[in-house]
**Q** 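Sending over a structure as structure tokens; questions will come in a sec.
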2 protein chains.
Amino acid sequence: MSGIRAQQKEKTRRLLIDAALNQLSAERSFSSLSLREVAKEAGLAPTSFYRHFSDMDELGLTLVDEAGLTLRQLMRQARQRIAKGGSVIQISVETFMELIESNGNVFRLLLRERSGTSAAFRAAVIREIRYFTMELCDYLQHAKNLDTEVAYMQANAAVTIVFSAGSDALDMDDKSERAQLSKQTIQQLRFIARGAAELSDRRKISKKTNK
Amino acid sequence: MSGIRAQQKEKTRRLLIDAALNQLSAERSFSSLSLREVAKEAGLAPTSFYRHFSDMDELGLTLVDEAGLTLRQLMRQARQRIAKGGSVIQISVETFMELIESNGNVFRLLLRERSGTSAAFRAAVIREIRYFTMELCDYLQHAKNLDTEVAYMQANAAVTIVFSAGSDALDMDDKSERAQLSKQTIQQLRFIARGAAELSDRRKISKKTNK
DNA sequence: AATTTAAGTGTACACGTGTACGCTATTGTT
DNA sequence: AACAATAGCGTACACGTGTACACTTAAATT
């Protein structure tokens, strides 16, 4: 099996995925996309859609997977940059904002669409974000030597702040406005980091004195 | 003019508003609601809808106004409780969570629906949230004597965290789970408050030494 | 070379949608 | 008492939707 057939199939599958992503915008949520619209944008007959996905829901799940991949790519890239030195928070936020600029529509799926979708879809989105949060939590625990619970709360707050800022950035066309938003987000993350570090310290001290 | 007619009209207008609110859920966003569905739920013929709103968009804007009112009610209630003493953050979060429990669907409009709606709708939501943020910013500036810019960043971060937690709470049926979420949210707000207070102090010192 | 498999097409159907239009019945105005 | 205004209804229409079904055509298998 040379696979010239499977190869073609994969190609038009991507056509469908990209067609869906391209139609996303501030006005247009995934849940408001119709099977026919997506097929048309991909240059296919409506019924051909079924050769690749049984449902718009299934396409949606695939898109969320795609978004998850992008999120991991983000983590890898940020880690590489951090290894070269500099402010961890600043580098992370800037890397995130860059990725939003180039992969805007992929992120809309994770940042918007909190309702009006299937339960499976929402669960998938939540799973991706949780995974991301846990990665950050691990990092905080080890690199910053934080109390487990405190690390989780910091990670959770940080992800909420960054994703919310990312969501806002999606609708900004002015570049200086985005830069301002980045700056503010960085400062907010520092607030959180500072507060978390203090609580973690206090907890450690109280544990020692209890011994 | 006794207004028995206008009175009736207002009554069925409320029927439409409530019908729309009642149909909101995790699965069902406002943007996915159809004019006919809302009219049916209200016990009206589809075309009667037009006697009250020219559009689903117009209904949407009305709902956002409604949500804005609820938000102000929240602020008033929180202020009253705070005046009686206690942790400001804790009281605020608990008041917020209470209101979400009783007015869940009103909040879905503000907390979800970040896309897939008309530009006017999104603008209205953003306006309400901004107003809320500004109120908090004012409070922080005066009561806590914070630097203007720092106060804004804290207010913005706090609102993001609380609204995100509120959005999560909307889909929880377990009461203890909600309590845990409240606790976590309170701690996160304290992180932010602590970090902001420190930065504000540092800025004041540097201003003094510059004189 | 003959046969099977499957990606993509076109037609067809039932259904839900927004809304234009004319009607009825009741309230408000003159 | 006569008239105007209007909330609500029913019908009707064009349109977009998901999808079932029978088809072509090219690759894969035998």
Side-chain angles (χ1 to χ4, degrees), chain A residues 1-25 27-63 113 115-121, chain B residues 1-25 27-63 113 115-121:
Chain A
M1 44 169 160
S2 69
I4 167 166
R5 188 161 206 149
Q7 202 175 320
Q8 263 302 331
K9 180 164 186 180
E10 190 55 35
K11 212 169 165 182
T12 72
R13 187 183 140 101
R14 270 242 74 82
L15 239 52
L16 281 169
I17 291 176
D18 292 339
L21 283 177
N22 285 336
Q23 307 223 16
L24 294 181
S25 71
E27 328 280 333
R28 218 77 172 69
S29 68
F30 175 77
S31 58
S32 77
L33 248 49
S34 78
L35 184 153
R36 285 175 110 107
E37 280 176 309
V38 174
K40 191 174 195 175
E41 173 86 9
L44 293 183
T47 47
S48 300
F49 182 96
Y50 296 106
R51 302 294 181 192
H52 304 272
F53 305 99
S54 68
D55 223 39
M56 276 295 284
D57 267 9
E58 201 174 299
L59 210 201
L61 292 180
T62 305
L63 291 183
E113 319 280 352
S115 70
T117 50
S118 75
F121 184 97
Chain B
M1 47 168 159
S2 70
I4 168 168
R5 187 161 208 150
Q7 201 175 319
Q8 264 301 330
K9 180 163 185 181
E10 190 55 33
K11 212 168 165 183
T12 71
R13 186 184 141 101
R14 271 242 72 83
L15 239 52
L16 280 169
I17 292 176
D18 292 339
L21 283 178
N22 285 335
Q23 308 222 17
L24 294 181
S25 72
E27 327 280 332
R28 218 77 171 67
S29 68
F30 175 77
S31 58
S32 78
L33 248 51
S34 79
L35 185 151
R36 285 175 111 105
E37 279 177 309
V38 174
K40 192 173 195 176
E41 173 85 8
L44 294 182
T47 48
S48 299
F49 181 95
Y50 296 106
R51 302 295 183 191
H52 303 272
F53 306 99
S54 68
D55 225 37
M56 276 295 285
D57 267 9
E58 202 174 299
L59 210 202
L61 291 180
T62 305
L63 292 183
E113 318 282 353
S115 71
T117 51
S118 75
F121 185 97

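In this text the structure is predicted, and so the values were computed from the model without any measurement. Labels below follow one simple rule: chain letters A, B, ... track the order of the sequence lines, proteins then strands, and each chain is numbered from 1.
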**Q** Grab the two heavy atoms, one from A/S118 and one from A/D57, that are nearest each other, plus how far apart they are.
**A**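 Closest heavy-atom pair between A/S118 and A/D57: CB-OD2, 3.1 Å.
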
**Q** Taking only nitrogen or oxygen atoms into account, show me every contact under 3.5 Å that the protein makes with nucleotides 4-6 of chain D, one pair per line with its distance.
**A**
from, atom 1, to, atom 2, distance (Å)
D/dT6, O2, B/R5, NH2, 2.5

**Q** Tell me if a side-chain donor or acceptor on A/E37 pairs with a main-chain N or O of A/S34 at a distance below 3.5 Å.
**A**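 Yes: the side chain of A/E37 pairs with the backbone of A/S34.
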
**Q** Roughly how many Å is it from NZ in B/K40 to C1' in D/dC9, rounded to a whole number?
**A**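 Computing the B/K40:NZ to D/dC9:C1' distance gives 16 Å.
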
**Q** Rounded to whole angstroms, how far apart are CD on B/E58 and P on C/dT19?
**A**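 For the pair B/E58 CD and C/dT19 P, the rounded distance is 12 Å.
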
**Q** With a 3.5 Å cut-off and just heavy-atom distances, do the side chain of B/T47 and the base of D/dG10 make a donor-acceptor pair?
**A**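 It does, because a donor-acceptor pair links the side chain of B/T47 to the base of D/dG10 below 3.5 Å.
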
**Q** As a test of reading the structure: which of D/dA27, C/dT19, D/dG10 is closest to the side chain of A/I4, going by heavy atoms?
**A**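 In terms of side-chain proximity for A/I4, the closest of D/dA27, C/dT19, D/dG10 is D/dA27.
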
**Q** Considering only side-chain heavy atoms of A/S34, which listed nucleotide, D/dC9, D/dG18, C/dG8, is closest?
**A**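 The answer is D/dG18.
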
**Q** Taking C-beta and beyond as the side chain, do B/R51 and B/T12 meet within less than 4.5 Å on heavy atoms?
**A**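 Counting from C-beta outward, B/R51 and B/T12 never come under 4.5 Å.
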
**Q** Could you pull out all donor-acceptor pairs under 3.5 Å where a side-chain atom in residues 41-49 of chain B meets a protein atom, sequence neighbours excluded?
**A**
none

**Q** Can you find a side chain N or O atom of A/T12 that sits less than 4.0 Å from OP1 or OP2 on C/dG8?
**A**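 A/T12 to C/dG8 OP1/OP2: side-chain N or O found under 4.0 Å.
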
**Q** When the distance from CD of A/Q7 to C1' of D/dA28 is rounded to whole Å, what number comes out?
**A**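 Those two atoms, CD and C1', are 15 Å apart.
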
**Q** Round to the nearest Å and state the distance from A/F49 atom CZ to C/dG10 atom C1'.
**A**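 Whole-Å distance recorded here is 19 Å.
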
**Q** Specify the residue among B/A45 and A/M56 whose closest nucleotide of DNA chain D lies further upstream toward the 5′ end.
**A**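 Looking at the nearest nucleotide for each, B/A45 comes out on the 5' side.
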
**Q** Do the non-hydrogen side-chain atoms of A/E10 and A/Q7 ever get within less than 4.5 Å of each other?
**A**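 The answer is no; the side chains never approach within 4.5 Å.
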
**Q** For B/H52 and for A/E37, locate the closest nucleotide of DNA chain D by heavy-atom distance; then report the residue assigned to the nucleotide nearer the 5' terminus.
**A**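 This one resolves to B/H52.
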
**Q** Over how many whole Å does the gap from A/Q8 atom CD to C/dG8 atom C1' extend?
**A**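 Going from A/Q8 (CD) to C/dG8 (C1'), I get 11 Å.
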
**Q** Which sits closer to the 5' end of DNA chain C, A/R36 or A/G43, going by the nucleotide each is nearest to?
**A**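 Going by which nucleotide is closer to the 5' end, it is A/G43.
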
**Q** Taking atom C1' of C/dA6 as reference, at what distance in whole Å does atom OH of A/Y50 sit?
**A**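 Value for this atom pair: 18 Å.
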
**Q** Only one of B/S32, B/S25, B/S31 passes side-chain hydrogen bond (donor to acceptor under 3.5 Å, both in side chains) with B/R28; say which it is.
**A**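 Answer after filtering B/S32, B/S25, B/S31: B/S32.
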
**Q** Rounding to a whole Å, what distance do you find between A/Q23:CD and D/dG16:P?
**A**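 Spelled out: CD on A/Q23 to P on D/dG16 is 15 Å.
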
**Q** How many Å lie between CZ on A/R13 and C1' on C/dA6, as a whole number?
**A**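 That distance rounds to 16 Å.
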
**Q** Heavy atoms, side chains only, cut-off 4.5 Å: are B/L35 and B/F53 in contact?
**A**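 No, too far: nothing below the 4.5 Å cut-off.
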
